[in-house]
Amino acid sequence: MRNHFALLGAIIALLFFHSCSDDVVNGVFVPEKQTGEREKSSLTVKLENIQNSDDLIAGILDKNIFDEYGGISDVSKSDLLFQEPVNESKVEFNDLSAYYKSTVYVNVFKVNGDAFTPITNRANQLEYFVSFGNVEKTIDCGITDAEHIKQTVINVSVPSDYIGKDLYLVLKENQELFIKSIQAGGDIDEGLFIQKCTIEETNVKLLIDTPLSAKNYVLFLVKPEDEIPYLKHDLQEINYDVTEVNFEFRKETKKQIEITAIRGDEPLNNHEVYLIETEKWPAVEDIVKNQHGHPESDMYVEKKTIVNGKALFELFCTEGTKDYVVYIPKWNTEYYDSYQKLEVTVNSTQESYELKFDFPYVPPTGGGAITKTVDIEVTVSDFEGYGFGFAGAYVYILNDSEKLKDAIYSIGYTDFEGLYKSDISVTNVNELPFTFTVKSVEISTDKEVAIFIYPVLQDISQMLSVKREPGANITNGFKVSLTKDNLENIPY
């Protein structure tokens, strides 16, 4: 009987241990192997329709960055579980074992500094449940999430005068290249702007796909006026929450620089005044001081004539500031200041500017003008490098220097009142020095007298050598010396 019980116990024990060995095979009671011992989880992502670039990466996150409305969460480097550069159309993540049986999200990002901007979207983002083994997946970067693309409206108002002009929307990062393209003339490179439209009415709507991350745009209105190459306005930053932007271009008006010029107690009359950009003034000053000439036409913005002490310059200033010199040339060289200039800074907000010139000229006669008749002796010397032409040059006396321009243009055509001429001429600089005497010149003590030799030639250009003297200082037998140091351009 005991043997029977012993045999039964042995059979039960054998059955028990056999059952335990099956459980070990099924993994019920055995702890999991260490991570290093199990098969790795790796993921290969094929990228279709992508343009490779050094600033692209593929990144894995543990959250979905796209909401159901197409919105996007900001992504920083610390949000990425893994990242690999996109060097070709395939990216490999070698070991995702730490996220076994977890859901991760794979996107392609453009990296700019600390900013990670997805080029994938809600439609082609890869959602992956991590499993063991080497798994291959595909992201088609050409798929768009058309169902949830938001758009932003940019409303632009323009004055009716600008209908027919071209309006451009430009990314702010491209504005410098865009401006250079305008300045170069011709067609503007299409790669430099987002949209272009020709204005057909005073209210314009531009429609853009709302950027997922914030972007800055600039509006350009090109050539609204003949003298304005463009107007521009920086729009507010547009991000995914901005649905509408409004801006109004206003008609530009010219800024006014009002000139008042007084000579003693009287308004200056029939005299030139120049508006010159400040950076060009040194070149003008050299001509005025050293060459006794007038600014060339490419040296000044505009030239006006002062009438009854007044002149007006008008110009556009649409942004920033512009610096100018207002210059009134000399006429009484040795009696008072050769010229006067005032500086003015024009800005885009102020409409008008007033400048007042007050010339310290008081007729020296005190008790009224006196008329007298005198002989004037003029010695001409030192014109090396110049010539007098085939017909030669004559010495002239003009009893009112303010009429010099008209007097010169009358020479050879008609008699001019108050202009006296020597009887003889000089034809060759080798004949110098030479002294002329001009007799019976009628002058007035309240007028300035111009004494000059004309024409003096340099290549094909005609000039004059001139001195100006107050009539009150001239007596009979007055002596004057003229050299190339007194040369001036012909007034015009």
Side-chain angles (χ1 to χ4, degrees), residues 259 261-263 266-276 284 287-313 326-341 357 359 361 376 378 386 388-389 391 393-422 438 441-444 446-458 460-471 474 480 482 484-492:
I259 309 299
I262 304 297
R263 182 185 184 189
E266 298 295 327
L268 197 61
N269 199 34
N270 296 322
H271 201 83
E272 296 170 354
V273 58
Y274 295 83
L275 181 67
I276 300 167
V284 174
I287 289 178
V288 170
K289 287 186 174 181
N290 300 323
Q291 303 178 37
H292 309 290
H294 293 272
E296 301 293 340
S297 59
D298 61 347
M299 291 183 170
Y300 57 84
V301 177
E302 194 174 5
K303 178 180 73 172
K304 290 289 185 73
T305 299
I306 298 172
V307 178
N308 295 324
K310 298 289 185 182
L312 178 67
F313 291 109
V326 178
Y327 157 68
I328 296 180
K330 63 184 178 181
W331 59 91
N332 280 11
T333 305
E334 295 182 11
Y335 185 68
Y336 57 90
D337 290 348
S338 295
Y339 63 85
Q340 281 200 20
K341 72 179 181 73
F357 291 82
F359 287 91
Y361 178 77
I376 298 177
V378 182
Y386 295 85
F388 299 122
Y394 289 83
V395 165
Y396 296 86
I397 312 292
L398 177 63
N399 64 10
D400 186 354
S401 66
E402 291 197 0
K403 299 177 181 178
L404 181 59
K405 173 181 174 181
D406 294 333
I408 289 177
Y409 284 104
S410 74
I411 294 174
Y413 296 97
T414 183
D415 293 335
F416 191 86
E417 184 179 358
L419 180 65
Y420 299 83
K421 177 182 176 183
S422 63
V438 183
V441 178
E442 187 175 287
I443 63 172
S444 177
D446 66 344
K447 299 290 185 183
E448 182 184 65
V449 177
I451 304 161
F452 61 96
I453 183 170
Y454 171 85
V456 179
L457 304 181
Q458 184 182 43
I460 60 172
S461 300
Q462 290 191 356
M463 307 174 73
L464 72 156
S465 177
V466 58
K467 280 190 174 180
R468 298 166 177 84
E469 293 287 347
I474 297 175
V480 175
L482 294 175
K484 63 184 179 183
D485 292 335
N486 307 115
L487 283 171
E488 294 185 9
N489 292 324
I490 303 299
Y492 58 95

Q.
Return the CG to CD distance between Leu398 and Glu417, rounded to the nearest 0.5 Å.
A. 10.5 Å
Q) Rounded to the nearest 0.5 Å, how far does CD of Glu272 lie from CD1 of Ile328? A) 10.5 Å
Q. Could you walk me through whether Ile287 and Met299 pass the side-chain contact (heavy atoms from CB on, under 4.5 Å) check?
A. CA-CA 11 Å; Ile287 289 178; Met299 291 183 170; 3.4 Å; yes
Q. Does some side-chain heavy atom of Phe388 sit less than 4.5 Å from a side-chain heavy atom of Val456?
A. yes
Q. Which atom pair, heavy atoms only, marks the closest approach of Asn489 to Leu464?
A. O-CD2, 3.5 Å
Q: Drop me the distance from Met463's CE to Leu457's CG, to the nearest 0.5 angstrom.
A: 10.5 Å
Q. What distance separates Lys421 NZ from Ile397 CD1, expressed to the nearest 0.5 Å?
A. 13.5 Å
Q) Would you find more than 12 non-hydrogen atoms of other residues, nucleotides or ligands less than 6.0 Å from Lys304 atom NZ? A) yes
(Q) Minimum heavy-atom separation for Ala261 and Ile306, please, with both atom names. (A) CB-CD1, 3.9 Å
Q) Would one find more than 12 heavy atoms of other residues, nucleotides or ligands at under 6.0 Å from atom CG of Asp415? A) no
Q. Checking side-chain contact (heavy atoms from CB on, under 4.5 Å) for the pair Val284/Tyr300: CA distance, chi angles, key distance, verdict?
A. CA-CA 9 Å; Val284 174; Tyr300 57 84; over 6 Å; no
Q: List the atom of Pro267, the atom of Ile262, and the distance in Å for their closest heavy-atom pair.
A: CA-CD1, 4.0 Å
**Q.** Distance, nearest 0.5 Å, that separates CZ of Phe452 from OG of Ser465
**A.** 10.5 Å
**Q.** Distance-only polar pair, side chains of Tyr420 and Glu442, donor-acceptor under 3.5 Å
**A.** no
**Q.** side-chain contact (heavy atoms from CB on, under 4.5 Å) partner of Ser422, chosen from Ile376, Val395, Ile453
**A.** Val395
**Q.** Nearest heavy atoms of Phe313 and Glu302, plus distance in Å
**A.** CE2-O, 3.6 Å
Q. What closest approach, in Å, do Ile474 and Glu469 show between heavy atoms, and which atom pair accounts for it?
A. CD1-CB, 3.9 Å
Q. Rounded to the nearest 0.5 Å, how far does OH of Tyr454 lie from CD1 of Ile411?
A. 6.0 Å
Q | 4.5 Å side-chain heavy-atom contact, Gln458 and Leu487 | A | no
**Q.** Heavy-atom check, side chain of Ile408 versus side chain of Phe416, under 4.5 Å
**A.** no
**Q.** Working for side-chain contact (heavy atoms from CB on, under 4.5 Å), residues Ile276 and Lys341
**A.** CA-CA 10 Å; Ile276 300 167; Lys341 72 179 181 73; over 6 Å; no
Q. What closest approach, in Å, do Pro329 and Tyr274 show between heavy atoms, and which atom pair accounts for it?
A. CG-CE1, 3.6 Å
Q.
I'd like to know if the side chain of Asn269 and the backbone of Asn308 have a donor-acceptor N/O pair within less than 3.5 Å.
A. yes
